[in-house]
Amino acid sequence: MTVCEYRPGLEGIPATESGISYVDGQNGILEYRGIRIEELALKSNFIEAAYLLIWGGLPTQQELDAFEYEIRHHRRLKFRIRDMMKCFPESGHPMDALQACAAALGLFYSRRELDDPAYIQKAVVRLLAKIPTMVAAFQLIRKGNDPVQPRDDLDYAANFLYMLNEQEPDPLAARIFDICLTLHAEHTINASTFSAMVTASTLTDPYAVVASAVGTLAGPLHGGANEEVIQMLQDIGSVENVRPFVEERVAHKAKIMGFGHRVYKVKDPRAVILQKLAEQLFEKFGQDEYYAIALELESVVTEKLGKKGVYPNVDFYSGLVYRKLGIPTDLFTPIFAIARVAGWLAHWKEQLAENRIFRPTQIYTGPHAQSYVPLAERPQIWDKQPSPFVVSNALRSVS
Ligand code: ACO
């Protein structure tokens, strides 16, 4: 076996062979099963892109109709899942609610037959169908309302916006939202997909696979960055403040949210499309106060960090699109998850086809040949360095 050098974050180390998607980070190219993302965004829709990713090729009309029909008719949640969601704290983050709900599906659909194509098909349909319903239901429940039932006459994107806002969406808004889902559906082995693959490799159920990936997507260095972009634009407050903000960040080597990518060293092709979608929405529904700040930010960051390959990533303009669609900021990452379920499931299926459990190695940096010191003979080291478990009685609390 070749001994490889250790690379933090496994940068540049192949962890699998995959035929699902391809990224050329130097030239800003993203393909799903060989088809450029720009073409899919323009000509396809999310359900067809999900089919392509998961089943490996574009569907015939009959296949697409059947896939769509199945998804439409599995959108409803069991009342016990809705009741479970009503017990969640309203102040909890929707990503945590989604992770809990995705894992709970494993309890309600506990038969696990990974060798049975019908089981795989049903699990794919259930997850694609129910995850949007869960996100919308949590939003209504935390506002004190009852969840809205899905509408079978609406397509995937329009139905989600309907369940969220309790009214049928404008057709342009629904189409743009659908394109956003297509753009976020898959992106090689990023952190959440890798997490999904590691979980899948243990041959657990697909609901655990998705729950594990949702937990990973939630972090601010991954899917959670889109929320922080809006917060950052709000904090900057005006176009004039952009340059000092960037200079201060660069001087302190602090990250600017929505910029930079492990693979892309040019502007993320999805950011290019999302920016155009945002502009279409502004044209129809009015300008967004943050857009001018975002444009100036892109220009100054490019000037200062472009030489390091730091450009807008997918999260930079998506928040502006979602804001115009009336979506609350803390739902941006759950919406990312709704879309990425397609990619996670594609990798789950691919993993099952050639499975070997993930078990990397490590470089041990701890001591060897230590003796066990009896408690009475140990120095009271926390006199110098406080232990997290030694607290005064006054501070003791039960939570
Ligand atoms: N702001 C300022 N500087 C940056 C940024 C940024 N957003 N991103 C990278 N850099 C700089 C780093 O400081 C570093 O500079 P140095 O070489 O002088 O030390 C260099 O560019 C390389 O950056 P790394 O952090 O080493 O790149 P890495 O591949 O580890 O990280 C990541 C990629 C996590 C996306 C990073 O760019 C980042 O934290 N961005 C902000 C968060 C964000 O937008 N995340 C969403 C990513 S897209 C997604 O997950 C869907």
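One-based numbering, in listed order, for ligands and for the atoms of each. These numbers were taken from a predicted model, which means no experiment stands behind them.
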Practice prompt. Going by heavy-atom distance to atom 3 (N) of ligand 1, choose the closest among V314, T333, L305, L221.
Written response: L305
Worksheet, complete the sentence: Counting heavy atoms under 4.0 Å, the part of N313 that contacts ligand 1 is side chain
Discussion item. Hydrogens and angles aside, do E39 and Y32 bring a side-chain donor and acceptor to less than 3.5 Å of each other?
Written reply: no
Fill in: Verify atom 27 (O) of ligand 1: protein non-hydrogen atom under 4.0 angstrom away
no
Worksheet item: Is a salt bridge present between E303 and R243, judged by a nitrogen-to-oxygen distance below 4.0 Å?
Response: yes
Fill in: Atoms of ligand 1, numbered as shown, that sit under 4.0 Å from any heavy atom of A225
43 (C), 44 (O), 45 (N), 46 (C)
Worksheet entry | For atom 40 (N) of ligand 1, the protein heavy atom that lies nearest, with its residue and separation | F259 O, 2.9 Å
Worksheet item: For atom 7 (N) of ligand 1, is the nearest protein heavy atom under 4.0 Å away?
Response: yes
Worksheet item: Which of the atoms in ligand 1, numbered in the order shown and given with their element, are less than 4.0 Å from a heavy-atom of G258?
Response: 43 (C), 44 (O)
Fill in: E279 side chain to Y317 side chain, donor-acceptor N/O pair below 3.5 angstrom
no
Discussion item. Is atom 49 (C) of ligand 1 touching the protein, meaning some protein heavy atom lies under 4.0 Å away?
Written reply: yes
Discussion item. Quick check: do V314 and L183 have side-chain heavy atoms less than 4.5 Å from each other?
Written reply: no
Fill in: Any protein heavy atom < 4.0 Å from atom 38 (C) of ligand 1
yes
Worksheet item: So F194 and F358, would you call those rings parallel, tilted or perpendicular, with 30° and 60° as cut-offs?
Response: perpendicular
Worksheet item: With a cut-off of under 6.0 Å to the ring centre and 45° to the axis, is R126 in cation-pi contact with Y109?
Response: yes
Practice prompt. Specify whether Y264 and H187 have parallel, tilted or perpendicular ring planes, treating 30° as the upper limit for parallel and 60° as the lower limit for perpendicular.
Written response: tilted
Practice prompt. Please could you name the atoms of ligand 1 that H261 approaches to less than 4.0 Å, counting only its heavy atoms?
Written response: 37 (O), 48 (S)
Worksheet item: Is the closest side-chain donor-acceptor distance between E350 and S18 under 3.5 Å?
Response: yes
Worksheet entry | Geometric class of the F336/H184 ring pair [parallel <30°, tilted 30-60°, perpendicular >60°] | perpendicular
Worksheet, complete the sentence: Note: A191, heavy atoms under 4.0 Å from ligand 1, region reported as neither
Discussion item. Could you check whether R340 makes a cation-pi contact with F46, meaning its NZ or CZ is under 6.0 Å from the centre of the six-membered ring and within 45° of the ring axis?
Written reply: no
Worksheet entry | Protein residue, atom and distance nearest to atom 1 (N) of ligand 1, heavy-atom basis | I256 N, 2.8 Å
Worksheet item: Quick one: nearest non-hydrogen protein atom to atom 15 (O) of ligand 1, plus distance?
Response: K308 NZ, 3.2 Å
Fill in: Proximity to ligand 1 by part of H187, non-hydrogen separation under 4.0 Å
neither
Item to complete: Just need the protein heavy atom nearest to atom 10 (N) of ligand 1, so name the residue and atom and give the distance.
Response: V310 CG2, 3.6 Å
Discussion item. For F316, state whether at least one heavy atom is located under 4.0 Å from any atom of ligand 1.
Written reply: no
Item to complete: Provide, to 0.1 Å, the distance between atom 33 (C) of ligand 1 and the closest protein heavy atom, together with that atom's residue and name.
Response: R262 N, 3.8 Å
Worksheet entry | Salt-bridge criterion met for E247 and K304 (N-O under 4.0 Å) | yes
Worksheet item: Is atom 44 (O) of ligand 1 in close reach of the protein, with a heavy atom under 4.0 Å away?
Response: yes
Item to complete: Given salt bridge (charged side-chain N to carboxylate O under 4.0 Å, His left out), test D65 with R72 step by step and report yes or no.
Response: CA-CA 10 Å; D65 290 348; R72 268 177 210 254; over 6 Å; no
Discussion item. With a 4.0 Å cut-off on N to O distance, would you call D155 and R175 a salt bridge?
Written reply: no
Practice prompt. Quick one: pull up CG in L53 and CG in L345 and give me the separation to the nearest 0.5 Å.
Written response: 10.0 Å
Worksheet entry | Atoms in ligand 1 with a heavy atom of F336 nearer than 4.0 Å | 51 (C)
Discussion item. Would you say atom 18 (O) of ligand 1 makes contact with the protein, given that contact here means a non-hydrogen protein atom less than 4.0 Å away?
Written reply: yes
Fill in: Closest to atom 25 (O) of ligand 1 (judged by heavy-atom distance), picking from M257, K255, K265
K255
Worksheet entry | Enumerated ligand 1 atoms positioned under 4.0 Å from heavy atoms of K253 | 15 (O), 16 (P), 18 (O), 19 (O)
Worksheet item: Do the charged groups of E11 and R7 touch, with an N to O distance under 4.0 Å?
Response: no
Worksheet, complete the sentence: In ligand 1, the atoms that come under 4.0 Å of a heavy atom of D315 are 46 (C), 48 (S), 49 (C), 51 (C)
Discussion item. So, 4.0 Å and heavy atoms of A254: is ligand 1 close enough to count as a contact?
Written reply: yes
Fill in: Nearest neighbour in protein (non-hydrogen) for atom 35 (C) of ligand 1
G260 O, 3.7 Å
